[in-house]
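One structure is given here, and the rest of the page talks about it.
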There are 2 protein chains.
Amino acid sequence: MTRASSRRPGPPTRTERGIPEATVARLPVYLRALTALSDSGIATASSEDLATAAGVNSAKLRKDLSYLGSYGTRGVGYDVEYLRYQIAREIGVTQDWAVVIVGIGNLGHALANYSGFGTRGFRIVALLDADPNLVGERIGDMEVRDFAQLEEIVEADRVSIGVITTPAGPAQEVCDRLVAAGVTSILNFAPVVLSVPDGVDIRKVDLSIELQILAYHEQRKSGEAALPQVPELPAMNGMTDLPSVGGGVGA
Amino acid sequence: MTRASSRRPGPPTRTERGIPEATVARLPVYLRALTALSDSGIATASSEDLATAAGVNSAKLRKDLSYLGSYGTRGVGYDVEYLRYQIAREIGVTQDWAVVIVGIGNLGHALANYSGFGTRGFRIVALLDADPNLVGERIGDMEVRDFAQLEEIVEADRVSIGVITTPAGPAQEVCDRLVAAGVTSILNFAPVVLSVPDGVDIRKVDLSIELQILAYHEQRKSGEAALPQVPELPAMNGMTDLPSVGGGVGA
DNA sequence: AGGAGCTTGTGAACGTGAGAACAAAATCGG
DNA sequence: CCGATTTTGTTCTCACGTTCACAAGCTCCT
């Protein structure tokens, strides 16, 4: 994910279509905040209002928005609808993106059932699984299809985004097939590090990792003193039956 | 999440229990990589091996590990089991953390069904929902209980981590109840910005946002030229029926 | 018309994170 | 026992991200 085109010193490569990655990650948050404000019938909002709604501070928000252009009015604020459209356009959710979900286990099921998908810039065009027992099952108004059909589906529906909700084992193979079929963006829920060629973007969502990060901070809060300083050599006999940490929510 | 205790210049507050947040976020990844190596029967690994398995570069990995102490051997590498234990201890997953899941919709169901939970340092002690139709339903070997019982469950089982998988609407109220009951770490899947008092850690997982970030990059790849430069004033009549972007995988 | 009062957009300072490069320390072979 | 080789731990430098602070610009009131 080396996407910042760094060319020369100065501010982090502004203008000419180079928005910092950290800003890109926040644009969807602003978009949601604007949608909420819009739904409340609010027509204009200051950077302070928006920042509160989005959970960031106002300076950061203003700087982020400044990468897109000057869409505010000094002394007044931002027109909610107008800014919302501009951000949606910048992100690319004014058009619909075709998505396939591969791996219809618990999580794949949950995502497939999630109704608020089609109305948000993304359209699930296929649910795929290699398990013959699952193929044919109906979920909502869709039917699970055979993973073997991947290539023709990607071609027919111009799919550019794939979601992997398989267990860890087959994830890399599924990923390779997706890439070979022409998918260039992948959202991975399997607890493995996937490798993809240049030009393919990949993002990972991992429940176990999130929980472990919380656990780290939690440990700090409760027994700051209960934590032994640095036990140089823990009992070796206990090490083979450690809880097998390191898994994930693969299916 | 202002957790770095910055006191004076120099390297980012090393030693005395101050591990940079970016490093903390990678420790679980290393843990998983070590577990995989261990399962393959590999006893020793160099920083290069580990870095490859974890999907980072070796300099970063060595620096990250150096915050924990000197657990490697120069000229040799790291003892896989030993390092795994040290990281697990640092994160805090050598003990078991009690977790409650609130909101048993599609996603809550999926998480509840996910079997590989108990063996990884986290133990689901309750599935809660306010909907009487759901209360009593069996999922695996657990039964959905009434959200009203939250306080007694948190107290009885010393729950410190809560997972919110409700829709956006009730999420803040659920969050407040969790905090009031004594939960100090929250993992939020609802598509809203939750506010919590100091001392409570919160992390967010949001499918919509991940997809939107992918869409942004995807848009760059395909029509670099198809994208109009900066349309200053889009047709106003089209703006009210924009796809209502900004939702999430709230349930 | 002109000044008071807001609010944006941005330049500059600061802090954090990443990567290159190398000295220190361990093993191994002769 | 010593030098060659390997690999860690750490230092230094650069890039990135965040925050402060303020000039520029807009509206409204008198």
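Quick caveat, the model's predicted, so the values are computed rather than measured. Chain letters run A, B, ... following the sequence lines, proteins first and then strands; every chain starts at 1. Excluded from the calculations below are hydrogen atoms, water molecules and symmetry mates; all remaining heavy atoms, backbone and side chain alike, are included.
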Subject >> Any residue meeting salt bridge (Lys or Arg N to Asp or Glu O under 4.0 Å) with A:Lys63, in chain and number order, not counting sequence neighbours >> reply: none

**OP:** Take the protein atom CG of A:Asp79 and the nucleotide atom P of D:dT27, then report the distance between them rounded to whole Å.
**Re:** 13 Å

Extract all donor-acceptor atom pairs below 3.5 Å that involve side chains of residues 37-45 of chain A and protein atoms in other chains or at least two apart in sequence.
{"unit_1": "A:Ser38", "atom_1": "OG", "unit_2": "A:Glu81", "atom_2": "OE2", "d": "2.4"}
{"unit_1": "A:Ser40", "atom_1": "OG", "unit_2": "A:Ala36", "atom_2": "O", "d": "2.9"}

**OP:** Report the distance from atom CG of B:Leu83 to atom P of D:dG9, rounded to the nearest whole Å.
**Re:** 9 Å

Original post:
What residues, two or more places apart in sequence or in another chain, satisfy side chain to side chain contact (heavy atoms under 4.5 Å, CB included) together with A:Glu210?
Top reply: B:Leu187, B:Arg203, B:Val205

Subject >> Residues touching DNA chain C, which here means a heavy atom under 4.0 Å, drawn from residues 39-50 of chain A >> reply: A:Ser46, A:Ser47

Original post:
Quick one: is A:Tyr67 getting a side-chain N or O under 4.0 Å of the D:dG17 phosphate, OP1 or OP2?
Top reply: no

Original post:
Does a side-chain N-to-carboxylate-O contact under 4.0 Å join B:Arg220 and A:Glu90?
Top reply: yes

**OP:** With sequence neighbours left out, write down each residue that passes salt bridge (Lys or Arg N to Asp or Glu O under 4.0 Å) with A:Lys60, or none if nothing qualifies.
**Re:** none

Subject >> Proximity of B:Tyr71 and B:Tyr78 rings by center, below 6.0 Å >> reply: no

Original post:
In chain order, what residues pass the side chain to side chain contact (heavy atoms under 4.5 Å, CB included) check against A:Ala171, with sequence neighbours excluded?
Top reply: A:Ile164, A:Thr166, A:Ala190, A:Val192, A:Leu194

**OP:** For A:Arg26 and for B:Gly72, find the nucleotide of DNA chain D with the closest heavy atom, then tell me which residue's nucleotide is more 5'.
**Re:** B:Gly72

**OP:** Could you tell me the separation between the CG atom of A:Leu65 and the P atom of D:dT18, rounded to a whole number of Å?
**Re:** 14 Å

Subject >> Residues forming a salt bridge (Lys or Arg N to Asp or Glu O under 4.0 Å) with B:Arg62, sequence neighbours excluded >> reply: none

Original post:
Can you tell me how far P of D:dG9 sits from CG of B:Leu68, to the nearest Å?
Top reply: 10 Å

**OP:** May I have the distance from A:Lys60 (atom NZ) to C:dG15 (atom C1'), rounded to whole angstrom?
**Re:** 13 Å

Original post:
Tell me, for nucleotides 20-30 of chain C in 5' to 3' order, what letter each nucleotide earns: B for a base near a protein heavy atom under 4.0 Å, S for only sugar-phosphate near one, - for neither?
Top reply: -B--BBSS---

**OP:** Tell me, please, which residues at least two apart from B:Arg177 pass side chain to side chain contact (heavy atoms under 4.5 Å, CB included).
**Re:** B:Phe147, B:Leu150, B:Glu151

**OP:** Take the protein atom CD of B:Glu21 and the nucleotide atom P of C:dG15, then report the distance between them rounded to whole Å.
**Re:** 18 Å

**OP:** Calculate the interatomic distance between A:Leu61 atom CG and D:dG17 atom P; express it in whole Å.
**Re:** 17 Å

